[in-house]
Amino acid sequence: MNVFNLKNKIVLVTGGCGVLGGGIAEYLLEQDATVVLLHYKKIPLEEAVAKLKAISENVDGFMCNVTEEKSLQDVSTAIVKKYNKIDILINAAGGNMPGATIAPSQTIFDVNIDDFKKVVDLNLFGSILPSIVFGKVMAKHKQGVILNVSSMAAQSAITRVAGYSASKAAIDNFTKWMAVELAHKYGDGLRVNAIAPGFFIGNQNRDLLIDKETGQYTGRGNTIMQNTPMKRFGEANELNGAVHYLCSNASKFVTGIVLPIDGGFSAFSGV
């Protein structure tokens, strides 16, 4: 038996139009899973689904706001009607806002509280609400996997990203709490884990890490390199192996963990 087999699994990916969610969706399609993208904007969703159809016809998309319970419930009903089940939920929706980030010339007292709340709403409740709504379908069948996305910012104080850090730290706790709750009350067929990516260069953080004019690392980029034993940033496809493992029966006795994918960043003391 192939414990890594994901064929015919119904996988929901929130934030499926982003770099992280889109990359994961592409990989899972290559593993013969059926992937359902969830996104709140129609045109990006249609474009992402069309792009992925070049890999496999087993891709679908639903408009959905992960911070609105009714939107999630409506989509859950539609997905169950079409596919009869939900096997895996990957909570990849997330992001940051300038107002919830502390500029080098600012202090915590300059933070925009409204932006801080929006960042927490997206990164924390944007995973809690889908986990509850879609997890209820899994609980009915006593089978399912929920995979959250944490961050290195959850484990230690990464400067500047105050709102993002707070929300991702809460994701770590919620992952463990939900894992225990579901196992206690619905059995060993329901698992909840998280991945914690280290530093990957994406659209949101590129200017913080790479100088536009010189192409060299910024001061922040150099600091990260000094604290990453592998001395490089991660590649998006280097998340796929961990995602595959945690979504498959290869990890069927694994629940409540937050798995770092960080080139050794979380293991290094800095000295």
task = Output yes when a side-chain donor or acceptor of Asn193 lies under 3.5 Å from a complementary backbone atom of Val254, and no otherwise.
result = yes
inquiry  = How close do Ala154 and Asp172 get, counting heavy atoms only, and between which atoms?
reply    = CB-OD2, 3.6 Å
ask   = What distance separates Phe199 CZ from Ser151 OG, expressed to the nearest 0.5 Å?
value = 6.5 Å
note = Shortest non-hydrogen pair, Asp262 vs Gly198, comes out as CB-CA, 3.7 Å
message = Grouping I, L, V, M, F, W and Y whenever their side-chain heavy atoms are under 4.5 Å apart, do Val75 and Tyr40 come out in a common cluster?
response = no
note = Looking only at heavy atoms, the pair that brings Val13 and Ala92 closest together is CG1-CB, 4.4 Å
Worked check of salt bridge (charged side-chain N to carboxylate O under 4.0 Å, His left out) between Lys85 and Asp87 = CA-CA 6 Å; Lys85 63 174 183 172; Asp87 295 304; 3.1 Å; yes
inquiry  = Keeping Arg191 on the side-chain end and Leu246 on the backbone end, is there a donor-acceptor pair under 3.5 Å?
reply    = yes
query = Measuring from Asn227:CG to Met152:CE, what's the distance to the nearest 0.5 Å?
reply = 12.5 Å
Lys231 atom NZ: more than 12 heavy-atom contacts under 6.0 Å = yes
Separation between CD1 of Ile201 and CD of Glu235, rounded to the nearest 0.5 Å = 8.5 Å
request  = Show the numbers, then the answer: is there a side chain to side chain contact (heavy atoms under 4.5 Å, CB included) between Ile24 and Val35?
outcome  = CA-CA 10 Å; Ile24 290 171; Val35 175; over 6 Å; no
ask   = Do the non-hydrogen side-chain atoms of Val133 and Ile128 ever get within less than 4.5 Å of each other?
value = no
query = Is the side chain of Asn5 donor-acceptor paired with the backbone N or O of Met1 at a distance under 3.5 Å, no angle test?
reply = no
key: Atom CD1 of Ile43: over 12 foreign heavy atoms under 6.0 Å   = no
query = To the nearest 0.5 Å, how far apart are CG in Leu190 and NZ in Lys142?
reply = 9.5 Å
ask   = Would you say the ring centroid of Phe233 lies under 6.0 angstrom from that of Tyr217?
value = yes
ask   = Taking the side chain from Gln106 and the backbone from Ala103, do they hold a donor-acceptor pair closer than 3.5 Å?
value = yes
message = Within the 3.5 Å criterion, strictly below it, is a donor on Ser131 or Asn91 matched to an acceptor on the partner's side chain?
response = yes
Common cluster, Leu182/Ile90, ILVMFWY with side-chain heavy-atom separation under 4.5 Å = no
request  = Spell out, as yes or no, whether a donor-acceptor pair under 3.5 Å connects the side chain of Thr14 to the backbone of Ala93.
outcome  = yes
inquiry  = Under a 3.5 Å threshold, yes or no: a donor from one side chain and an acceptor from the other, between Arg220 and Thr159?
reply    = yes
query = Any link between Ile86 and Val36 through a network of hydrophobic side chains (Ile, Leu, Val, Met, Phe, Trp, Tyr) touching at under 4.5 Å?
reply = yes
task = Using a strict 4.0 Å threshold on nitrogen-to-oxygen distance, state whether Lys51 and Glu47 make a salt bridge.
result = no
Could you pull out all donor-acceptor pairs under 3.5 Å where a side-chain atom in residues 208-216 meets a protein atom, sequence neighbours excluded?
residue: Asp211; atom: OD1; partner: Glu213; partner atom: N; Å: 2.9
residue: Asp211; atom: OD1; partner: Thr214; partner atom: N; Å: 2.9
residue: Asp211; atom: OD1; partner: Thr214; partner atom: OG1; Å: 3.4
residue: Thr214; atom: OG1; partner: Gln216; partner atom: N; Å: 3.1

key: Asn123 versus Gly95, closest heavy-atom pair with distance   = ND2-O, 2.6 Å
query = Is the count of non-hydrogen atoms from other residues, nucleotides or ligands lying under 6.0 Å from Lys41 atom NZ greater than 12?
reply = no
ask   = Do Leu37 and Val49 have side chains that get closer than 4.5 Å, going by heavy atoms?
value = yes
message = Determine whether Ile257 and Lys176 satisfy the following criterion, side chain to side chain contact (heavy atoms under 4.5 Å, CB included), listing intermediate values before the conclusion.
response = CA-CA 7 Å; Ile257 72 162; Lys176 296 172 185 178; over 6 Å; no
task = Begin from the C-alpha positions of Leu147 and Val243 and carry the test side chain to side chain contact (heavy atoms under 4.5 Å, CB included) through to its verdict.
result = CA-CA 8 Å; Leu147 184 63; Val243 170; 4.0 Å; yes
query = Donor-acceptor pair, Asn249 side chain versus Lys252 backbone, under 3.5 Å?
reply = no
request  = Using the salt bridge (charged side-chain N to carboxylate O under 4.0 Å, His left out) rule, take Lys82 and Asp60 through it: C-alpha gap first, then chi angles, then the decisive distance, then the call.
outcome  = CA-CA 11 Å; Lys82 185 170 183 177; Asp60 203 349; 2.7 Å; yes
message = Using a 3.5 Å distance criterion without hydrogens, assess whether the side chain of Asn222 forms a donor-acceptor pair with backbone atoms of Gly219.
response = no
remark   = Rounded to the nearest 0.5 angstrom, the OG-CZ distance for Ser76 and Phe62 is 10.0 Å
request  = Verify whether one side chain among Asn96 and Thr101 offers a donor that lies under 3.5 Å from an acceptor in the other.
outcome  = yes
ask   = Hey, does Ile55 have a side-chain heavy atom less than 4.5 Å from the side chain of Glu30?
value = yes
Residues in ring-ring contact (aromatic ring centres under 6.0 Å, His included) contact with Tyr27, at least two apart in sequence or another chain = His244
message = Do Leu72 and Leu124 land in one hydrophobic cluster if side-chain heavy atoms of ILVMFWY residues count as linked below 4.5 Å?
response = yes
query = For Ser127 and Asn148, which heavy atoms make the closest approach, and how far apart are they?
reply = CB-OD1, 4.1 Å
ask   = Is any NZ, NE, NH1 or NH2 atom of the basic residue among Glu238 and Arg232 found under 4.0 Å from an Asp or Glu carboxylate oxygen of the other?
value = yes
task = Kindly check if the number of other-residue, nucleotide or ligand heavy atoms within 6.0 Å of CD (Glu69) is above 12?
result = no
Salt bridge flag under 4.0 Å for residues Lys70 and Asp74 = yes
ask   = If you take all heavy atoms of Ile102 and Val111, which pair is closest and at what distance?
value = CD1-CB, 3.9 Å
request  = Examine Val161 and Met225 and state if one hydrophobic cluster contains both, with Ile, Leu, Val, Met, Phe, Trp and Tyr joined whenever side-chain heavy atoms are less than 4.5 Å apart.
outcome  = yes
query = Counting distance only, does the side-chain N/O of Thr77 pair as donor-acceptor with the main-chain N or O of Gln73 below 3.5 Å?
reply = yes
request  = Please answer whether the main-chain N or O of Ser248 pairs with a side-chain N or O of Lys9 as donor and acceptor at a distance below 3.5 Å.
outcome  = no
query = Crowded around Phe125 CZ? As in, over 12 foreign heavy atoms under 6.0 Å?
reply = no
ask   = Got a second to check how far Thr67's OG1 is from Leu129's CG, nearest 0.5 Å?
value = 7.5 Å
ask   = Looking only at atom types and distance, does a side-chain atom of Ser167 sit under 3.5 Å from a main-chain N or O of Tyr164, one as donor and one as acceptor?
value = yes
task = Measure the shortest side-chain to side-chain distance between Ile79 and Leu12 over non-hydrogen atoms and say whether it is less than 4.5 angstrom.
result = yes
message = The test is side chain to side chain contact (heavy atoms under 4.5 Å, CB included); show your working for Leu52 and Leu29 and say whether it passes.
response = CA-CA 8 Å; Leu52 290 172; Leu29 279 174; 3.7 Å; yes
